[in-house]
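Here the structure comes first, spelled out in structure tokens, and everything after it is commentary.
What's counted below: heavy atoms across the whole structure, side chains too, no hydrogens, waters or symmetry copies.
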Amino acid sequence: MKTNLQSGNAFLSSVQAVHTDYKMLQSRCGWVISTRITTRCYATKSVAKDVAKYTGTINLPKTKFPARLNAEKRNQLEEQLRKDCFSKLYDWNRTNLPEENEFVLHDGPPYANGDLHMGHAVNKLLKDLILKHKIISGTRVHYVPGWDCHGLPIELKALEAFHKKKKHGSTEGSQTALHIRNTARKFAVETITKQKNAFESWGVTGAWNDTTKGYYRTLDPTYIRAQLRLFHELYERNLIYRDLKPVYWSPSSQSALAEAELEYDEAHQSPSLYLKLSLSNQAAGCPAIEQQQHAGTEVFAVIWTTTPWTLPANQAICYNPSLEYSLVRSSAGDMLLIGKDLIDYLSQQLALCLEVLQIIPAAQLQTLKYHHPFNRAELLPFLPGAHVKAEKGTGLVHTAPAHGPEDFLVCLEQKIAVKNLIDEKGCYNNSAPGFLVGKYALTDGNQLITEMLKHATLKLTTMEHSYPIDWRTKQPVMLRASDQWFIDTNSLKHSALEAIKEVDIYPRTSSDVSKKVLEGQLRKRPYWCISRQRAWGVPIPALYNSTSKQPIVHPLLLAAVEDRLMKESSIDFWWTATLEDLVPKQMLRELNTTCENLEKGHDIMDIWFDSGASWMTVLGNDRVADLYLEGIDQFTGWFQSSLLTSIAARGKAPYKAIFVHGFAVDENGLKMSKSLGNVISPKSIVDRYGCDTLRWWVCAHAIQNTSIPVSHKLLGSSAESVQKLRGILKFLLGVLTTNGPCETVPTVRDDQLRHVDRYYLRQQAEFHRTVFQLYESYQHNRASATILNFCLSTLSGLYVHVVKDRLYCGTKAEQDNVTAILDHTYRVLSKALWPIVPYLVEESWTFYAKDHFFKSPQPPSPTNPLEPCPSTAAIESGLELRHAVYQQAQLNVNTWLLDLEVFCTATDLSSLSLLHPLRDRAESTSELCELLQVGSIVLREGHADSNRFTITVSKSDKLLCRRCRRYLLPFENAPPSDICPRCETVLKLQYS
């Protein structure tokens, strides 16, 4: 490229003593339009006089919309908008938007047990982004928020409150079920009130003040009635049953737990025990072993376990029928039976040389017996089991049906009764060996048993591994056989898996993985235990025969419970009423029994059954939600429990689509906790930055990864983005509302459009279409990025930058057309921003129109991409040229003083000629000069280098117009005229 700056040194020295129209505008209207407004230089002589002379002729933006809000003013404004605007939004939506194609978002109930955290903010605000997008697009939404109110965590709060009273001298006796329920209910209701107020303050759409239909709570009578009916229906269809099975049991909570109520301690330490179990002399079906025994050699089966505490409940050894086994002699002299494929592995683990004596087919093991490790007189069988693997261990598996699902199923098939030696507290009961009775199994049990079995131990070490713990008490759990209520998930799996195939999962980038996770959870779930041994919850409506303990579930009992529930608005009577008060006489006659022969059950339903049945109350029997949106952990929780209950009751999934999000972490990726001191609460964010900043952060950051970083750096960046948007809205309002709120929408005159106007309108239409497509596909982070890029680049950085001369100094027709374009821009931008920053949009709208923004007619979203047009090609070529000019003229110069000579290819010349028709004349009034913000341009066809354009730049010695600072003054007009011919014409037309 060539550069020829005429009088360059003199110009550089003069630059130091100039003012800019940027500063002039700042002093006149009090804010910055755009950081990219080009500096316009002019001599300082008589500046004050010029400003006074022409100020009244310049169409500067004027508005009372504040550039910034302090925290106090912002909080007052948000509260006022919440009351006057957003509190009416949901009802307006239900009344005014068409019922056809209604969008249903079913709310997964947050747990009513504490203050809101960032996970709540992510969840509720993502939901609200979707709801507000649907509403502003003209789609009616159905959204009933809810709360999960039962279960152990809230019950523990009640017990904690009771113990505090006792500590301070209360004479109250032991906690009864009724005391617990009253305290837990009070705590849950108070928590719901606080959480509801916070959700409402964030601008979340909902009928928050409608206590009958506005939201649901799992403690409400209507909700409990629906749940009881579902239980009874599934029981009648044999999908719910009672049985003795191993379930996850929490000794610290003294209750069964669902898999979703488990966490895992990755550093848990367990004993690792390799144990010899002596084979009986009844080995006729296995010649190799029989031969050794006839020779007087004792043969041992080798097992490996990390739960020695379960060995007293051992009832079999499992082998894999498809494997081969080996009889080996160890270097210690023991004759051992192990899996053939594990010889090398065991030799290394046990630090023993193992000599293979004979290979034994698996079929021969079915005839073997062995002595129980604590009762030699008890002979136990070898049983086939496909769950036995040859990857680690010994190829033979210690089997205790009371403590393992595979063990249980194998013994169930063989009709072996389950031996249960552990009580509800996790201690050995009276059926256990004497030295263990009353001892806690997970600690004392492991220690006492390993000491007792030293004589038969091949190796004892400690291993660190992942182990399940109670998600609330953080204490280890155990698999323990217990009489519980179960849902027959095996009968539902096929239908559930088929239904999942039709469900869309978002975000799309991880949908395949997410679907596999959900399907995997369904496939591996052997059964669903739905009973808990607690007081705070919905009782399972069952009685038991006091002798046989067989359950009795009767429709007349259900009807009596329902009737009393609705009359008393509580189901507490289940714990206080006598059987005589509770059981209908007709039911006793039908059963031919008396109350003396019956017992009342005290189990409550699993809270995942509670919340999983929420579709019944909110959606009814026929409706399917368009979307369920929760955290990724709900693949094992609410997504699954809702699916199974809906499949069981009505044969279809409760949702058409699932949206999953991750968990909030600090800037170092650590989970937020009070002990680490890294908690950032939603309340602190709202108090410091405002609701819109919290909402922008959620939109911009909450769906990219499973870990969502929260830091003041990111929040500060979000606040800065919102502030930039405020500045842009302020500028638009200044242009549009100079004379007060708009009464009518100005019309864009097509005959007045220039190429840059057409280009911008196409860019704006494409922006409108793209943003709403991103909203529709739940790509909120890309939507926020698109909005910000459009505002700062296309709108502020290009269009406003280019048209400001027409807007401030042009003819009324020019000003009106630009104003009409910016009016449409304001409406489209407000529509795009409203789902994310509704407080900012509604605040700005009060300066633009009299009604709320959401009630105003919305510009329709373009649905198809726009075809290219000549204006597009011309402006894009001009922008490339502008970039090349600015790269070359890297001086602090007023570009309006620059004259350009441009050599380019025939293709570029053809495009640029649309913007600069008189190619070979130094024209200053062309669109190309306006686009490049230069004084004049000459276009020539010629050789262009690798940078596409060859440009000669020179500086004009002429003066700039004192009014517009845009056009050069002709030498013959200065003096006496100090304004350009264009400005003279404008003044004559408009101000004469």
Side-chain angles (χ1 to χ4, degrees), residues 241-251 254 256 270-271 273 275-280 282 301 303-319 365-366 368-385 387-388 396-450 452-453 456 476-486 526-527 529 531 533 548-550:
Y241 61 94
R242 186 169 173 84
D243 203 353
L244 175 68
K245 289 187 178 182
V247 296
Y248 283 110
W249 184 269
S250 172
Q254 295 188 35
S270 295
L273 176 65
L275 189 68
K276 302 182 298 181
L277 295 178
S278 178
L279 299 184
S280 77
Q282 303 172 11
I303 61 168
W304 172 65
T305 182
T306 58
T307 57
W309 62 271
T310 64
L311 286 169
N314 174 267
Q315 293 185 255
I317 290 177
C318 278
Y319 64 93
L365 271 57
Q366 65 182 333
L368 298 180
K369 301 283 185 180
Y370 69 98
H371 299 281
H372 189 280
F374 293 110
N375 181 7
R376 191 169 176 83
E378 184 179 0
L379 295 180
L380 299 172
F382 281 71
L383 301 177
H387 64 285
V388 180
L396 298 170
V397 174
H398 148 58
T399 300
H403 303 296
E406 293 92 354
D407 306 30
F408 175 82
L409 292 175
V410 167
C411 291
L412 180 66
E413 185 177 353
Q414 300 293 328
K415 296 183 172 52
I416 296 175
V418 175
K419 184 191 296 184
N420 190 8
L421 306 180
I422 307 292
D423 66 16
E424 292 82 357
K425 297 179 181 179
C427 298
Y428 291 100
N429 58 31
N430 293 331
S431 299
F435 72 101
L436 294 173
V437 173
K439 304 296 183 182
Y440 186 58
L442 294 177
T443 53
D444 296 339
N446 276 332
Q447 181 179 350
L448 292 170
I449 287 169
T450 52
M452 182 68 71
L453 296 176
V477 303
M478 59 172 60
L479 279 164
R480 169 183 175 269
S482 175
D483 283 307
Q484 302 291 340
W485 289 91
F486 298 91
Y527 38 76
C529 175
S531 50
Q533 290 65 52
S548 67
K549 307 302 180 185
Q550 287 297 307

Is it the case that more than 12 heavy atoms not belonging to E378 sit under 6.0 Å from its CD atom?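 Counting neighbours around CD of E378, more than 12 heavy atoms of other residues, nucleotides or ligands fall under 6.0 Å, so yes.
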State, with a plain yes or no, whether a side-chain heavy atom of I303 is found less than 4.5 Å away from one of L311.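 Yes, at least one pair of side-chain atoms sits under 4.5 Å.
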Separation between [atom1] of [X] and [atom2] of [Y], rounded to the nearest 0.5 Å:
| X | Y | atom1 | atom2 | answer |
| --- | --- | --- | --- | --- |
| D243 | W485 | CG | CH2 | 11.0 Å |
| I317 | K369 | CD1 | NZ | 11.5 Å |
| S280 | L368 | OG | CG | 7.5 Å |
| L479 | I422 | CG | CD1 | 12.0 Å |
| L244 | D483 | CG | CG | 5.0 Å |
| N446 | T307 | CG | OG1 | 7.5 Å |

To check you understand the geometry: which heavy-atom pair defines the closest contact between Y319 and L396, and what is its length?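 Smallest interatomic distance, heavy atoms only, reads CB-CD2, 3.9 Å.
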For L436 versus G445, what's the shortest heavy-atom pair and its separation?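 Result for this residue pair: CD2-CA, 4.4 Å.
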For Y440 and W309, run side-chain contact (heavy atoms from CB on, under 4.5 Å): C-alpha distance rounded to whole Å, both residues' side-chain angles, the deciding distance at 0.1 Å, then the answer. CA-CA 9 Å; Y440 186 58; W309 62 271; over 6 Å; no
Any residue meeting ring pair (Phe, Tyr, Trp, His ring centres under 6.0 Å) with Y370, in chain and number order, not counting sequence neighbours: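 Only F382 meet the ring pair (Phe, Tyr, Trp, His ring centres under 6.0 Å) criterion with Y370.
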Would Q550 and R242 count as a side-chain contact (heavy atoms from CB on, under 4.5 Å) here? Give the steps. CA-CA 9 Å; Q550 287 297 307; R242 186 169 173 84; over 6 Å; no
With sequence neighbours left out, which residue pairs that include part of residues 397-406 fulfil the side chain to side chain donor-acceptor pair (under 3.5 Å) condition?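 Pairs touching residues 397-406 that pass the test: T310-H398, N314-H398.
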Run the side-chain contact (heavy atoms from CB on, under 4.5 Å) test on Y428 and D444 for me, step by step, so that the C-alpha distance in whole Å, both residues' side-chain angles and the decisive distance to 0.1 Å come before the verdict. CA-CA 10 Å; Y428 291 100; D444 296 339; over 6 Å; no
